[in-house]
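A quick write-up on the structure given underneath.
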Amino acid sequence: QLQPVESGGGSVQPGGSLRLSCSASKFNYLDSYAAGWFRQAPGKEREGISCIDSSGDHSIYADSVRGRFTISRDNAKKMVYLQMDNVTPEDTAVYSCALDRGPCNSALIGANTYDYRGQGTQVTVSS
């Protein structure tokens with residue numbers, strides 16, 4: 001099945017940092033896709049938190065993570081990253097990586113209508 005694969009989740013204390021990675025090794029050309037991350041906490045709706053355009057020049061963040069999280073990509077390595085800093089317990093969720101043939105924009109984050117999605121990796125923030 002063609003899908004990105006996440007890694008790097010785990011447990012972290014409030015105020016700490018974590019870096020999530022997303023491998024798109026099964027995709028021929030990662031630079032054909034916008035990439036993004038979304039998350040889902042127990043009992044809550046899925047939340048799009050960031051996306052980055054195919055070249056890596058433009059990115060968008062949800063208000064809940066802006067200033068704390070940073071999305072990046074390395075098309076040559078077929079990798080997408082999410083650097084999470086100053087995390088809080090409210091960041092606890094399953095984080096999933098996704099790819100889309102369309103542009104990175106607020107509509108993509110809001111609707112989460114990505115063409116391809118990974119299974120997700122658990123992030124738990126607690127003391």
Side-chain angles (χ1 to χ4, degrees):
Q1 185 175 359
L2 190 60
Q3 64 181 164
V5 179
E6 304 89 346
S7 62
S11 296
V12 60
Q13 293 186 341
S17 297
L18 203 62
R19 189 195 196 200
L20 305 183
S21 298
C22 171
S23 172
S25 61
K26 295 182 179 180
F27 293 80
N28 287 334
Y29 302 103
L30 182 60
D31 58 5
S32 297
Y33 302 91
W37 291 88
F38 60 92
R39 66 186 181 185
Q40 188 159 20
K44 294 186 178 181
E45 292 186 357
R46 183 180 298 169
E47 178 189 19
I49 57 175
S50 182
C51 68
I52 187 168
D53 69 359
S54 57
S55 66
D57 292 334
H58 171 67
S59 57
I60 294 176
Y61 298 91
D63 290 343
S64 58
V65 304
R66 186 178 295 113
R68 301 186 299 120
F69 292 9
T70 303
I71 190 171
S72 62
R73 64 191 293 160
D74 186 331
N75 288 338
K77 295 182 179 179
K78 297 185 180 180
M79 296 292 294
V80 182
Y81 305 99
L82 184 69
Q83 177 67 39
M84 306 169 60
D85 296 320
N86 194 24
V87 297
T88 72
E90 288 69 37
D91 295 319
T92 295
V94 175
Y95 285 72
S96 299
C97 173
L99 304 178
D100 195 81
R101 296 183 184 90
C104 163
N105 52 33
S106 57
L108 181 63
I109 289 183
N112 280 311
T113 52
Y114 289 93
D115 294 323
Y116 302 96
R117 304 175 185 178
Q119 294 292 327
T121 184
Q122 175 70 45
V123 172
T124 302
V125 183
S126 68
S127 55

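These numbers come from the heavy atoms of this one structure, side chains and all, not from hydrogens, waters or symmetry mates.
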For Asp74, the salt bridge (Lys or Arg N to Asp or Glu O under 4.0 Å) test, sequence neighbours excluded, returns none
Worksheet item: Between the side chain of Glu6 and the main-chain N/O of Gly120, is any donor-acceptor distance below 3.5 Å?
Response: yes
Flag, side chain of Arg117 to backbone of Asn112, donor-acceptor distance under 3.5 Å: yes
Sorted by chain and number, sequence neighbours left out, side-chain contact (heavy atoms from CB on, under 4.5 Å) with Ala41 holds for Lys44, Ala93
> Less than 4.5 Å apart, any side-chain heavy atom of Ser21 and any of Lys77?
Replying inline: no
query = Does any non-hydrogen side-chain atom of Leu30 lie less than 4.5 Å from one of Val80?
reply = yes
Sequence neighbours excluded, the answer for salt bridge (Lys or Arg N to Asp or Glu O under 4.0 Å) partners of Arg68 is Asp91
Contacts of Asp63 meeting salt bridge (Lys or Arg N to Asp or Glu O under 4.0 Å) (sequence neighbours excluded), chain-then-number -> Arg66
- Given the rule that I, L, V, M, F, W and Y join up when any side-chain heavy atoms are under 4.5 Å apart, are Ile52 and Leu99 in one cluster? yes
Is there a donor-acceptor contact under 3.5 Å from the side chain of Arg39 to the main chain of Val123?
no
- Item | 4.5 Å side-chain heavy-atom contact, Met84 and Leu20 | yes
Here the gap from Ile49 atom CD1 to Ile109 atom CD1, rounded to the nearest 0.5 Å, amounts to 8.5 Å
Applied to residues 60-99, the disulfide (SG to SG under 2.5 Å) test, sequence neighbours excluded, yields Cys22-Cys97
Q. Is Tyr33 close to Tyr116 at the side-chain level, that is, under 4.5 Å between some pair of heavy atoms?
A. yes
Those residues at least two apart in sequence (or on a different chain) that pass side-chain contact (heavy atoms from CB on, under 4.5 Å) with Ser126 are Thr124
So disulfide (SG to SG under 2.5 Å) across residues 25-81, not counting sequence neighbours, yields Cys51-Cys104
Residue pairs passing the salt bridge (charged side-chain N to carboxylate O under 4.0 Å, His left out) test with at least one member in residues 8-17, sequence neighbours excluded, are none
In this structure, CD of Gln3 is separated from CZ of Phe27 (nearest 0.5 Å) by 8.0 Å
**Asked** Does Ser50 use its side chain to pair, donor to acceptor, with the backbone of Ile60 at less than 3.5 Å?
**Response** yes
Quiz item: Between the side chain of Arg73 and the main-chain N/O of Asp53, is any donor-acceptor distance below 3.5 Å?
Solution: yes
The side-chain contact (heavy atoms from CB on, under 4.5 Å) partners of Ser32 (sequence neighbours excluded) come to Tyr29
With sequence neighbours left out, the residues meeting salt bridge (Lys or Arg N to Asp or Glu O under 4.0 Å) with Arg19 are none
Residue pairs passing the ring pair (Phe, Tyr, Trp, His ring centres under 6.0 Å) test with at least one member in residues 39-68, sequence neighbours excluded, are none
Item to complete: Without swapping roles, check the side chain of Asn75 against the backbone of Lys78 for a donor-acceptor pair under 3.5 Å.
Response: no
side-chain contact (heavy atoms from CB on, under 4.5 Å) filter on Pro14, not counting sequence neighbours, yields Pro89, Val125, Ser127
- Do Val87 and Tyr81 share a hydrophobic cluster (ILVMFWY, side-chain heavy atoms under 4.5 Å, transitive)? no
Kindly say whether Ser55 contributes a backbone atom to a donor-acceptor pair with the side chain of Asp31 at under 3.5 angstrom?
no
* Leu82 versus Thr70: any side-chain heavy-atom pair under 4.5 Å? -> no
When rounded to the nearest 0.5 Å, the distance separating CG of Asp115 from CG of Leu2 is 10.5 Å
